[in-house]
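In what follows, every chain begins at residue 1, and chains take the letters A, B, ... in the order their sequences are listed.
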Protein chains: 2
Amino acid sequence: MEQFIRAIRQMISISDTETDSLLGYCYLKSFSRKTYLSTPGKICNEVFFITKGISRNILIDNEGVEHTTNFTIENQFIADYASFLQKTPSIYYLQALESIEAVVMPREAIEWGYHNLKQGDRLGRLIAEYYFVYHDNQIRKQYFETPQQRYETITQVFPDIHNRAPQHMIASYLGITSVHLSRLKRTYV
Amino acid sequence: MEQFIRAIRQMISISDTETDSLLGYCYLKSFSRKTYLSTPGKICNEVFFITKGISRNILIDNEGVEHTTNFTIENQFIADYASFLQKTPSIYYLQALESIEAVVMPREAIEWGYHNLKQGDRLGRLIAEYYFVYHDNQIRKQYFETPQQRYETITQVFPDIHNRAPQHMIASYLGITSVHLSRLKRTYV
DNA sequence: TAAAAACGATAACAAATGTTTAGATTTTGA
DNA sequence: TCAAAATCTAAACATTTGTTATCGTTTTTA
């Protein structure tokens, strides 16, 4: 839980008493490799904080093609945040690529925080702003970097990803096929 | 200013006194067709609320190619929000496609609001969440809709856009060339 | 630990999309 | 109002990227 508290304290000031109350609403959960933290169709009612392991977001398009839209590693929060906010059904699989240890924050924990933590709304604002900036960066990269460049610099965002996720998932994340990525690597070495 | 207040009141409760103080930090500004509300390189220190007219976001990539990344119409807020939040140089041109009337909210207005409005942080949270959901929707569409479909349904997001923006800007917004859009229209009528 | 599954590279081919150029029409702005 | 600029379509061609299939290697799991 320490990593989790540390992550929160990086965003807001929170007393020990407040911390204890908040943790009362949260719990630990493990997921083994290839299992799902979350599946599509249900409203996302919990935010995970990963303390160990790595997951990916999977989206299946109308043609049945699977897309890896994101990875999440240690010390990061993960949820279908749009589903959580709007209370609409989630569209993602969140799949463990390695066995995962996570702190689960149910919706009640977060809403309790908004109403009872001194800096609750501020925390909510910072999280939403953080997510916004993260998303925005992903969009910018699509305009300013080619898939090759993004392949080469992906470790800045996900250190050691080349050893933790197979190449075809990275290709999917980059928006290209694994065959094409293989081709790009050959051409530009 | 009434439209502006109405937009704020849709998000939070705000008293008349608070409203008056907030408006004290804001002012009206006009832009004529083809001029820029904002240009790249400077930190975005103001948020615009458009009461009349339409603008587009323009981004120039490393090859010098211009991309229309967004449109903004009446009763919407517009800014390089990532630049505003991070205080990093903006990368967008915000260009008036028609003559525009806008309310300008300088950074001081917004920061004053965070510190002094009863629901200031809440307003900030809702705005960030709104932006997040909007962005997220744009990304989803890229997975679930073809450029044709997005061309056909774009009026759900930007009513009357076909009469307010030339086709090559819409094509750029859809991520394709104007030649290709022209081809798609021919094929699928 | 052995069989099965997943993985990555490669080649041949197909499809989608971009580039360039031209010309007719519409819109804009002095 | 009229010349200049912008716009849209079209065609021919080039390029990029995807699809399918194969094969040797690595990893997983029963």
Side-chain angles (χ1 to χ4, degrees), chain A residues 31-36 53-54 56 58-68 71 93 95-100 142-143 145-152 154 160-189, chain B residues 30-36 53-56 58 60-68 71 93 95-100 142-152 154 160-189:
Chain A
F31 299 88
S32 49
R33 196 175 123 79
K34 290 201 181 170
T35 61
Y36 298 108
I54 177 171
R56 65 165 175 155
I58 308 172
L59 184 152
I60 314 281
D61 70 20
N62 292 329
E63 273 73 43
V65 178
E66 175 183 307
H67 301 271
T68 295
F71 298 103
Y93 290 91
Q95 185 188 44
L97 293 184
E98 301 168 354
S99 62
I100 280 184
Q142 294 204 328
Y143 286 108
E145 293 181 21
T146 62
Q148 290 102 301
Q149 292 173 317
R150 299 209 290 135
Y151 179 77
E152 286 158 11
I154 191 175
D160 207 30
I161 189 70
H162 295 304
N163 296 316
R164 300 182 81 180
Q167 210 150 95
H168 67 89
M169 291 181 193
I170 297 177
S172 175
Y173 174 78
L174 298 176
I176 60 179
T177 60
S178 60
V179 174
H180 190 53
L181 177 55
S182 194
R183 198 153 34 193
L184 291 176
K185 282 169 64 184
R186 177 172 29 142
T187 313
Y188 282 88
V189 163
Chain B
S30 304
F31 299 88
S32 49
R33 194 176 124 80
K34 290 199 179 172
T35 62
Y36 298 109
I54 176 171
S55 74
R56 64 165 174 153
I58 308 171
I60 315 282
D61 71 20
N62 292 329
E63 273 72 44
V65 178
E66 175 182 308
H67 301 271
T68 295
F71 298 103
Y93 290 91
Q95 184 188 45
L97 293 184
E98 301 168 353
S99 61
I100 280 185
Q142 294 204 329
Y143 287 108
F144 288 112
E145 293 181 21
T146 62
Q148 290 102 301
Q149 291 173 318
R150 299 208 292 135
Y151 179 77
E152 287 158 10
I154 192 175
D160 207 31
I161 188 71
H162 295 303
N163 297 318
R164 299 182 81 179
Q167 213 149 91
H168 66 91
M169 291 182 193
I170 297 176
S172 175
Y173 174 79
L174 298 176
I176 59 179
T177 60
S178 61
V179 175
H180 190 53
L181 177 55
S182 194
R183 197 154 34 193
L184 291 177
K185 284 169 61 185
R186 178 176 23 145
T187 314
Y188 283 86
V189 163

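Nearest heavy-atom pair across A/M169 and A/L97 is SD-CD2, 3.8 Å. Minimum interatomic distance between A/G53 and A/E98 (heavy atoms only, all atoms of both residues): CA-OE1, 3.6 Å.
Between A/R186 and C/dT10 there is a side-chain polar atom (N or O) within less than 4.0 angstrom of OP1 or OP2. Contact annotation: B/Q167 side-chain N/O to D/dT9 OP1/OP2 distance is under 4.0 Å.
Residues A/I176 and A/L184 meet the side-chain proximity criterion, which asks for heavy atoms closer than 4.5 Å. Between A/I161 and A/I54, some side-chain heavy-atom pair lies under the 4.5 Å cut-off.
Following rounding to the nearest Å, A/R33 (CZ) and D/dT29 (P) show an atom-to-atom distance of 5 Å. Rounding to whole angstrom units, NE2 of residue B/H168 and P of C/dT19 are separated by 15 Å.
Counting only distance, with no hydrogens or angles, the side chain of B/Q149 and the backbone of B/T146 share a donor-acceptor pair below 3.5 Å.
Side-chain N/O atoms of A/R183 and base N/O atoms of D/dG18 include a donor-acceptor pair closer than 3.5 Å.
Listed by residue number, A/V179, A/S182 are the residues of residues 170-182 of chain A with a heavy-atom contact under 4.0 Å to DNA chain C.
Heavy-atom distances to DNA chain D give each of B/P166 and A/P147 a nearest nucleotide, and the one nearer the 5′ end belongs to B/P166.
A ring-centre distance under 6.0 Å is not found for A/H67 and B/F144.
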